Trainee: 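Submitted below is the structure of interest, expressed as structure tokens.
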Amino acid sequence: MMTGEIPHRDTLERIVGVLRKNKDILILEHEKPDGDSIGSGLALAMALSSLGKKAILLSQDPHPAMYDFLPGRHLHTTVSCIEPEDVDPGVTVFVDCTGPDRAGKALSYARSETWINLDHHVSNSGFGQISLVDLDAAATGELVFFLLKLMGAGINLDIATCLYVALVTDTGGFRYQNTTPRCFHVAAELIDKGVNPSQVADQLYEARSFSSLMLLKNALHTLEVYKNGQLASIDVTRAMLEDSGASLEDADSVVNYPRSIAGVEVALCFKESLDQTAVHLSLRSRSKVDVSKIAGLLGGGGHPRAAGAVIEGTFEQAKARVFGVLDGLEIWTDS
Ligand SMILES: [Mn+2]
């Protein structure tokens, strides 16, 4: 099966032109990188390396351990391991970043004149000399796939695995509303390259740590529903993290549990920061409510079905503020 036509051919050709002209290429992920940012970044870095480029994939934060199985890790580094002076990129590619600031501390390394913006978030600011923001792309990895095809970079099994992980993670295992025919066509081509879907799923979803389950056990005690069962909320406190020995990244999947309740449209997960000065809010919705707008009201952003915000203050203050905003929305029905 082939994906046939390449979308955004003109923009992608401009990007290929810039990448061809430059030897030193810096690729930036967003803070707290997810499977899409990591998979897209590693795939692009490996492909550029295979074309003789000096590609560095850089992020503010380390990759979560669940992605340790991915190839190409030798091309990735974090800001704590390299100085800005050690990097002299001719071009910088931002993957999966709504704006330059999303790169966090890695932004100060982007000293090239040219920035390329590859993303699929509705809240993308359109930054960069060349910007390709495709809201129909299930993942940024889908855009990297077409870029590599156009560039004539061979998509080997290593690159295919990274792109496949980008697709799987951003679609929640091909379950969310962003799962499109095109996304499946790309996935099929990657499987043709040798990706083993069940092995990848095993690595991503069936290899949890005991401590992450203990964290979930504690968090489930706080599960509550509101608004006639349309809103559900769960808490992850610092104490729960300490008791369970789980990591902050283990808390990322907790929001899926309130979202999985029948009838729930909006799910919230409140995660207390380790210094207890802020709360990280994750928002998810099932099919109707655009949670990126709710996150926007709280100073955050994201996708219609998955968004987030950081709220300063104690746990109680942050929760009160969020519920105050949610109470003011006319999205809840009586039955
Ligand atoms: Mn993404």
Side-chain angles (χ1 to χ4, degrees), residues 7-8 11-12 15 27-45 57-61 63-64 66-67 70 72 76 92-104 106 115-128 131-148 159-180 182-187 190 200 204-205 249 252-253 255-256 259 280 282-285 290-292 295-296 300-309:
H8 312 286
T11 311
L12 284 172
I15 295 172
I27 306 162
L28 297 186
E29 302 170 0
H30 54 71
E31 302 165 287
K32 288 185 71 198
D34 63 359
D36 186 20
S37 207
I38 292 167
S40 298
L42 288 172
L44 186 55
L57 175 62
L58 180 70
S59 57
Q60 173 186 294
D61 305 306
H63 289 173
M66 67 185 283
Y67 299 109
L70 286 179
H76 171 251
T92 304
V93 186
F94 293 76
V95 288
D96 208 41
C97 296
T98 49
D101 291 350
R102 280 287 281 143
W115 286 1
I116 294 171
N117 165 15
L118 276 180
D119 190 27
H120 65 133
H121 291 89
V122 65
S123 50
N124 190 288
S125 65
F127 70 100
S131 165
L132 175 51
V133 180
D134 181 352
L135 305 187
D136 294 326
T140 298
E142 206 174 302
L143 302 175
V144 173
F145 171 82
F146 290 115
L147 173 65
L148 298 188
I159 294 171
T161 301
C162 291
L163 292 177
Y164 185 81
V165 163
L167 292 178
V168 173
T169 53
D170 255 23
T171 57
F174 302 111
R175 290 179 303 143
Y176 300 157
Q177 280 190 337
N178 58 346
T179 309
T180 61
R182 192 177 80 186
C183 161
F184 272 121
H185 281 300
V186 172
L190 298 172
V200 171
L204 291 175
Y205 302 117
E249 66 202 40
D252 289 346
S253 60
V255 69
N256 296 326
R259 186 189 182 273
H280 296 255
S282 297
L283 295 124
R284 297 289 183 274
S285 69
D290 183 347
V291 287
S292 73
H303 295 285
R305 302 285 159 259

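Order of appearance sets the numbers: ligands from 1, and atoms from 1 within every ligand. Computed from a prediction, not measured in an experiment: that's the story for all the values here.
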Trainee: Counting no waters, how many protein N/O/S atoms sit under 2.8 Å from the Mn ion (ligand 1)?
Mentor: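 Counting protein N, O and S atoms closer than 2.8 Å to the Mn ion (ligand 1) gives 4.
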
Trainee: Do the side chains of L163 and V186 get nearer than 4.5 Å, heavy atoms only?
Mentor: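 With C-beta onward as the side chain, the pair stays apart.
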
Trainee: Flag the pair L28 / T92 as yes when at least one side-chain heavy-atom distance between them is below 4.5 Å, and no otherwise.
Mentor: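 In contact.
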
Trainee: Hey, are the side chains of L204 and Y67 touching, using non-hydrogen atoms and a 4.5 Å cut-off?
Mentor: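 L204 vs Y67: side chains touch.
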
Trainee: Would H120 and E142 count as a side-chain hydrogen bond (donor to acceptor under 3.5 Å, both in side chains) if you check the C-alpha gap in whole Å, the side-chain angles of each, and the deciding distance to 0.1 Å?
Mentor: CA-CA 9 Å; H120 65 133; E142 206 174 302; over 6 Å; no

Trainee: Can you name the nearest heavy-atom pair linking S123 to G302, along with the distance?
Mentor: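 Nearest heavy atoms, S123 then G302: OG-O, 3.5 Å.
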
Trainee: Is the W115 ring parallel, tilted or perpendicular to the F127 ring (thresholds 30°, 60°)?
Mentor: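 W115 vs F127 ring planes: perpendicular.
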
